[in-house]
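Sequential numbering from 1 along the given sequence is applied to the chain's residues. Note that the structure is predicted; figures quoted are calculated from it, not measured.
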Amino acid sequence: MKKEVKWIIGLSIVLVINIVICTILFINNKKEKIIIEDIKNLNIVLKKERKAEFLSIVKVSDFIDSIDYELEEDYEIDTTSIGEKEIWFNIKKDDKKIRTSYKIIVEDTVPPLIWLGNSYSISVGSKDNLLDKIMCADNYDDNPACEIVGEYDTNVKGTYPLVFKATDSSGNTTEQKFNLYVYEPSASGESNSNYKEEYTYFEDVIKKFKTEDTQIGIDVSRWQGDIDYAALKEAGVEFVIMRIGSSEGTYGERFMDSKFERNIKLANENNIPAGVYYFSYAFSKDKAIEEANWVLDNIKDYDVSLGVFFDWEDWPYYNDYKLSFYHLTDLAKGFMDTINKNGYKTYLYGSKNYLERVWMETGYPIWLAHYNDETSYKGNFEYWQICQDGKVNGINGTVDINIRYLNKSQN
């Protein structure tokens, strides 16, 4: 009896193996064979100049003048790194699938940015290194070569005509003429007694900007102290964006804003829609993702209906980061992608000048900072921080006032 059972089991195993083998053979016979062919042997005419700009959007067909075959996929070519690239693609010819390729050059032709006007001033005896203090950065190169051409002495008062020169790894060069003013600081310590501080009043912003398609709100942090949220509600505040945390500089310890828990609880209790922003000093994408996960851990028990805003603005020390604008933007995307994957809407915060000159496209909406009654910013934005000298009932001192545009971003 045992021998019969073993025989039956053995026969079953053999049958299963045969079925598997036949199935594999059948699938392989059904698979479409791909023939690799040199493009020179095909009737495909390529464009003579096959160059693409760094981060440009180009497809396989953009470098083909004429082709007698059907492209299987006219996909977008990766242009996030420069140099020679081999572009592989499939065509269909006489019921056959042929794989072939051509080569292109991805290049960077954008010169570095020097953040400098026509003059720069320092006091006599200053230990500041101009190459550290004057922002010199590039769209692609993490560490462009920067130099100051001309003679100057920071220990001697005077005006020094100089040239700031920056060159990136692709040989693109920017030169900026400027006057360095070395001045004697005033010994009197007198201030202008005629100066009168002016404020932007919340009720005036409501009168000017409130419509069916807008909401008027504020953004706050520990600097606003203990806020009276019932008074804010009565004053017409329709949303609050609050700082959740930051770190003690680039490599310092992360901390939660000392007023965050109070702010978020009272905003929720008073039914004022809330969002949070993280003031980042991230120096890498991994660090930014770590920060995003920290934010997610600390908002999960609260109603954060407006989402999470990424705020990076350590511009006075930007040279120290050794980050191209591409890598800075990619870092921000790492933060925002992480937030977005967890179901929260997310935004990039930026002032008008930096949005126009530094930040690249992230695919996420913008919280614009431009302190003015009108903005000349041409990009789309959903929130607009219009001032930092706002006055509203419920807060002692000043506060930033914001406009939120409903339904669509503004141009």
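- At least one side-chain heavy atom of I82 sits less than 4.5 Å from a side-chain heavy atom of S170.
- Taking the six-membered ring for Trp, Y281 and Y251 have ring centres at least 6.0 Å apart.
- Checking Y317, F335, Y321 one by one against W312, the ring pair (Phe, Tyr, Trp, His ring centres under 6.0 Å) holds for a single residue, Y321.
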Item to check | side chain to side chain donor-acceptor pair (under 3.5 Å) between N43 and Y69, intermediate numbers included | outcome: CA-CA 9 Å; N43 189 26; Y69 320 109; 5.3 Å; no

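- For Y371, the side-chain hydrogen bond (donor to acceptor under 3.5 Å, both in side chains) partners are Q385, not counting sequence neighbours.
- Within the cation-pi definition used here (under 6.0 Å to the ring centroid, within 45° of the axis), K391 qualifies as a partner of Y199.
- No side-chain donor-acceptor contact under 3.5 Å links N340 and T346.
- You'll find the side chain of I77 stays beyond 4.5 Å of the side chain of F89, heavy atoms only.
- Salt-bridge check for K352 with E356: passed, with a basic side-chain N closer than 4.0 Å to an acidic carboxylate O.
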Check residues 148-159 and write down every donor-acceptor pair under 3.5 Å in which the side-chain atom is one partner and the other belongs to a residue at least two apart or another chain.
unit_1	atom_1	unit_2	atom_2	d
D153	OD1	N155	N	2.9

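- Considering only heavy atoms from C-beta on, D108 comes within 4.5 Å of E53 through its side chain.
- Residues forming a side-chain hydrogen bond (donor to acceptor under 3.5 Å, both in side chains) with Q176 (at least two apart in sequence, or on another chain): none.
- Within the 4.5 Å cutoff, the side chain of I35 has no heavy atoms near those of the K97 side chain.
- In this structure, Y364 and K345 have side chains that are not in contact, with every pair of non-hydrogen atoms separated by 4.5 Å or more.
- In this structure F54 satisfies the ring pair (Phe, Tyr, Trp, His ring centres under 6.0 Å) test together with Y140, Y326, sequence neighbours excluded.
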Next on the checklist: Could you walk me through whether D286 and S284 satisfy the side chain to side chain donor-acceptor pair (under 3.5 Å) test, starting with their C-alpha distance in whole Å, then the side-chain angles of each, then the deciding distance to 0.1 Å, before giving a yes or no?
Outcome noted: CA-CA 5 Å; D286 288 344; S284 69; 5.4 Å; no

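- Here D142 pairs with S324, H327 under the side-chain hydrogen bond (donor to acceptor under 3.5 Å, both in side chains) rule; sequence neighbours left out.
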N/O donor-acceptor pairs under 3.5 Å from side chains in residues 235-249, not counting sequence neighbours:
unit_1	atom_1	unit_2	atom_2	d
E238	OE1	K210	NZ	3.2
E238	OE1	I216	N	2.8
E238	OE2	K210	NZ	2.9
R243	NE	D257	OD2	2.7
R243	NH2	D257	OD2	3.0
S246	OG	F279	O	2.7
S247	OG	G249	O	2.9

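- Side chains of T200 and D389: a donor on one and an acceptor on the other come within 3.5 Å.
- Shown here are the ring pair (Phe, Tyr, Trp, His ring centres under 6.0 Å) partners of W88, two or more places apart in sequence or in another chain: there are none.
- With sequence neighbours excluded, no residue forms a ring pair (Phe, Tyr, Trp, His ring centres under 6.0 Å) with F164.
- To the nearest 0.5 Å, atoms CG (N402) and CD (Q215) are separated by 11.5 Å.
- Separation of atoms OG (S351) and CH2 (W359) is listed at 10.5 Å; rounding is to 0.5 Å.
- Classified by interplanar angle (parallel below 30°, tilted 30° to 60°, perpendicular above 60°), the ring pair Y383/Y347 is perpendicular.
- With sequence neighbours left out, the disulfide bond (SG atoms under 2.5 Å apart) criterion links C146 to C136.
- Side-chain rings of W384 and F209 approach one another, their centers coming within less than 6.0 Å.
- Listed by chain and residue number, N90 satisfy the side-chain hydrogen bond (donor to acceptor under 3.5 Å, both in side chains) test with R99 (two or more places apart in sequence, or in another chain).
- In terms of the ring pair (Phe, Tyr, Trp, His ring centres under 6.0 Å) criterion, Y160 has no residue partners (sequence neighbours excluded).
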Show me the donor-acceptor pairs, under 3.5 Å and distance only, between side chains in residues 124-134 and residues at least two apart or in other chains.
unit_1	atom_1	unit_2	atom_2	d
S126	OG	D128	N	3.2
N129	OD1	L131	N	2.9

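- Ring-centre distance between Y277 and Y349: not below the 6.0 Å cut-off.
- Between K93 and E37 there is no salt bridge, since none of the side-chain N atoms of the basic residue sits less than 4.0 Å from a carboxylate O of the acidic one.
- Taking the six-membered ring where the residue is Trp, Y318 and F325 present tilted rings, their angle falling between 30° and 60°.
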